[in-house]
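Below is one structure, written out as structure tokens; the observations come after it.
Excluded from the calculations below are hydrogen atoms, water molecules and symmetry mates; all remaining heavy atoms, backbone and side chain alike, are included. Sequence positions, counted from 1, serve as the residue numbers for this chain.
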Amino acid sequence: MTDSARNFKPFFIFILLTAGLLILLAALPVTSSALTEVEVNPVNTPAGAVVLIVDGLSAPFIYPELTPHSLDGAVLEKARLENIPEISKNSAQILDFRAPQTFTEGGHSVLVTGNPDADSEFVSFKDANIFDILHAQGYLCIAVMEKGDSWSICAEQDAVLRDKNNSIKNIEIMLEQYEYSQDIRVPSGLLQVMRSRADMAPAYVSSKETRDRYNGYNRWGTETACDVVNYMAKNCPDQKYLLTVNVGAIDMSGHYRDNYGYIDCVESLDSELLPLYNLCKENSLAFILTADHGMAFSADGSKGGHQSEKYSVSDEAQMVPFIANAQDIESGVIRGEFGQEDFAPTLLGILDIPDRPRFVKGEQILLTGHVNLKVELPKKGSVELRRNGQLISSSGNDDQFLFLGLDPDSYIVKAVLNSGNSPEEKEKEVYLRADSVLDFSNKEAKTDESEYSPAEAKEKTSSASILGGGSIFDRSSKHLIGYLLIGTMNLAGLFFIMKIMKKD
């Protein structure tokens with residue numbers, strides 16, 4: 001070997017190791033801000049939520065205050081229900097809650113983003129949906145999807161069961177798993193439960209009777225949800241989570257079985273809802289019943305639709321139920337006009353989370369009677385909250401504060417930033433009619449992020465990468481020590497290589 005080759009080899013190794021170390025250091029996460037929670041008045045934040053999205057469930061067919069009509073003007077028969085009315089008595093029921101897009105993909109996309117123009121691709125944008133917000137708060141996101149299982153919604157889940165074929169005749173339930181955090185993993189026992197439920201699915205739709213197959217399809221979804229809730233209650237009682245459940249037989253009944261088959265399937269689902277609802281109450285989970293769109297019929301005895309123009313303009317296709325139950329939710333019928341775009345901020349409000357999806361256009365429907373305020377500072381300091389000149393609450397030595405259980409009203413928020421001998425003081429007045437985030441940073445005012453601007457929204461890189469894990473750029477700063485140890489080992493290796501090469 002020539003002298004130049006001998007000299008080049010250690011230099012080449014040095015360059016490689018240095019480059020690797022620099023890349024590793026660049027990937028180190030910035031230490032995340034802390035958050036101080038201040039309970040101004042007592043709140044009963046749910047331990048999580050179960051959202052039951054009933055595909056094609058039209059509010060006029062189940063709400064006692066409404067009457068369903070066919071497109072030709074005939075009054076149609078309503079579903080005869082027992083459990084949904086009882087659940088509604090103890091819940092908030094929004095009377096006029098409309099879908100801006102009366103088809104499955106659109107309805108689901110609007111629900112999870114809070115944007116009335118959302119589609120599947122929109123859901124995948126960075127920080128654009130409720131799952132992004134909840135992951136940042138340490139929630140697991142679990143789903144049981146028979147229909148509405150668009151690729152982007154499935155990819156937002158930590159674990160999801162979905163019907164690959166969207167078919168009662170040819171049901172094939174798949175379990176898919178994604179990783180969004182190195183700190184919060186899907187319990188292996190829960191994955192076992194979900195695999196077992198997937199294997200059971202064909203038996204639910206094996207009957208030769210049409211109604212039994214349709215009803216069995218929905219029952220598999222609700223009973224699977226019960227098994228998930230039971231597992232989490234027994235094995236992970238401290239882990240907050242969102243369980244999204246989508247049952248699809250009512251929609252298919254409307255399309256293929258006429259309005260009488262449709263209400264038969266609605267009545268069957270109603271008879272099986274109580275176990276899931278009771279499990280939520282027993283385990284301090286919020287329970288929410290809604291739909292992606294409704295169902296309209298051209299005449300009595302006809303098959304239904306919801307997407308084509310003649311159906312989509314009808315109340316039966318647009319009006320969907322929104323029934324929400326949690327310990328702090330005030331029961332009663334809420335009148336006024338609301339849309340599915342209001343669902344995302346309302347769900348987060350129920351969970352006492354003021355943060356919102358990036359492009360939300362909907363507004364929080366205040367169901368709890370209290371509001372929450374998150375205050376963000378550019379650096380550590382203290383915050384005082386005053387109402388009518390009286391000090392309501394104060395806290396210090398942090399850069400983020402969450403004030404829980406406030407009365408809707410006007411407040412003066414004073415921030416004092418730690419700046420050595422001359423603390424910097426800032427003050428803002430806010431009127432809180434819903435949960436809010438107040439930013440005291442010195443950054444220039446941001447553009448309205450509720451505007452739909454997909455060109456500016458960077459699509460997220462899925463955590464389900466070739467390596468099977470989350471990107472190191474998203475990991476918690478808890479792994480800083482590990483990264484530094486790796487860097488130290490690289491340097492030690494370089495030292496020994498240089499020593500050996502020197503001897504040679």
Carefully, step by step, assess Q239 and I184 under the rule side chain to side chain contact (heavy atoms under 4.5 Å, CB included).
CA-CA 9 Å; Q239 175 61 58; I184 303 174; 3.6 Å; yes
Spacing of [atom1] belonging to [X] relative to [atom2] belonging to [Y], to within rounding of 0.5 Å:
X: E172; Y: N165; atom1: CD; atom2: CG; value: 5.0 Å
X: L134; Y: L347; atom1: CG; atom2: CG; value: 6.5 Å
X: L289; Y: L57; atom1: CG; atom2: CG; value: 6.5 Å
X: T222; Y: L274; atom1: OG1; atom2: CG; value: 11.5 Å
X: E146; Y: I250; atom1: CD; atom2: CD1; value: 10.5 Å
X: L273; Y: N83; atom1: CG; atom2: CG; value: 6.5 Å

Do we see a donor-acceptor contact under 3.5 Å between the side chains of [X] and [Y]?
X: S312; Y: Q307; value: no
X: D315; Y: H69; value: no
X: Q400; Y: K374; value: yes
X: N218; Y: Y204; value: no
X: T368; Y: D328; value: no
X: Q93; Y: E65; value: yes
X: D264; Y: Y214; value: no
X: E105; Y: S120; value: yes

Any sub-3.5 Å donor-acceptor pair from [X]'s side-chain atoms to [Y]'s backbone N or O?
X: N325; Y: A286; value: no
X: S410; Y: Y431; value: no
X: S308; Y: H306; value: no
X: D439; Y: S441; value: yes
X: S268; Y: C265; value: no
X: N283; Y: L279; value: yes
X: D55; Y: G248; value: no
X: D342; Y: T346; value: no
X: Q101; Y: A118; value: yes
X: N129; Y: V123; value: yes

Stepwise, does the side chain to side chain contact (heavy atoms under 4.5 Å, CB included) test hold for V247 with Y217?
CA-CA 8 Å; V247 291; Y217 195 62; over 6 Å; no
Can you name the one residue among L432, V437, L404 that meets side-chain contact (heavy atoms from CB on, under 4.5 Å) with L373?
L432
Sidechain N-carboxylate O distance under 4.0 Å for [X], [Y]:
X: D132; Y: K126; answer: no
X: E363; Y: R433; answer: yes
X: R98; Y: E337; answer: no
X: D258; Y: K303; answer: no
X: E267; Y: R80; answer: no

Considering all heavy atoms, the nearest [X]-[Y] contact:
X: Q340; Y: A291; answer: NE2-O, 2.9 Å
X: L161; Y: A198; answer: CD2-CB, 3.9 Å
X: G216; Y: V205; answer: C-CG1, 4.4 Å
X: V245; Y: A225; answer: CG2-CB, 3.7 Å
X: A344; Y: G114; answer: CB-N, 3.8 Å
X: P345; Y: V360; answer: CD-CG2, 4.0 Å

Tell me, with the steps shown, if V375 and V413 meet side chain to side chain contact (heavy atoms under 4.5 Å, CB included).
CA-CA 9 Å; V375 180; V413 184; 4.2 Å; yes
Hey, does [Y] have a side-chain heavy atom less than 4.5 Å from the side chain of [X]?
X: D158; Y: F131; result: no
X: E376; Y: L438; result: no
X: L348; Y: D435; result: no
X: D119; Y: S152; result: no
X: N259; Y: M295; result: no
X: F359; Y: T113; result: no
X: V43; Y: Q327; result: no
X: N372; Y: P354; result: yes

With K428 as the cation and F440 as the aromatic partner, state whether NZ or CZ is under 6.0 Å from the six-membered ring centre and within 45° of the axis.
yes
A cation-pi test, strictly: NZ or CZ of R386 under 6.0 Å from the centre of the six-membered ring of Y411 and no more than 45 degrees from its axis. Yes or no?
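No, R386 does not sit over the ring of Y411.
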Return the orientation label for the F322 and F343 ring planes: parallel under 30°, perpendicular over 60°, tilted otherwise.
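Plane angle between 30° and 60°, so tilted.
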Other residues, nucleotides and ligands only: do more than 12 of their heavy atoms fall within 6.0 Å of CD on E39?
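Check passes, neighbour count above 12.
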Report yes if the distance between the aromatic ring centroids of F97 and F338 is under 6.0 Å, otherwise no.
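For F97 and F338, the ring centres are not under 6.0 Å apart.
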I'd like to know whether K361 forms a side chain to side chain contact (heavy atoms under 4.5 Å, CB included) with D117, so could you lay out the CA-CA distance, the side-chain angles of the two residues, the decisive distance to 0.1 Å, and finally the verdict.
CA-CA 10 Å; K361 284 188 175 180; D117 303 311; 4.1 Å; yes
Would you please test F125 and F122 for ring pair (Phe, Tyr, Trp, His ring centres under 6.0 Å) and show each step?
CA-CA 6 Å; F125 293 157; F122 191 92; 5.5 Å; yes
Give the intermediate values and the outcome of ring pair (Phe, Tyr, Trp, His ring centres under 6.0 Å) for residues F287 and Y277.
CA-CA 7 Å; F287 173 83; Y277 168 75; 5.6 Å; yes
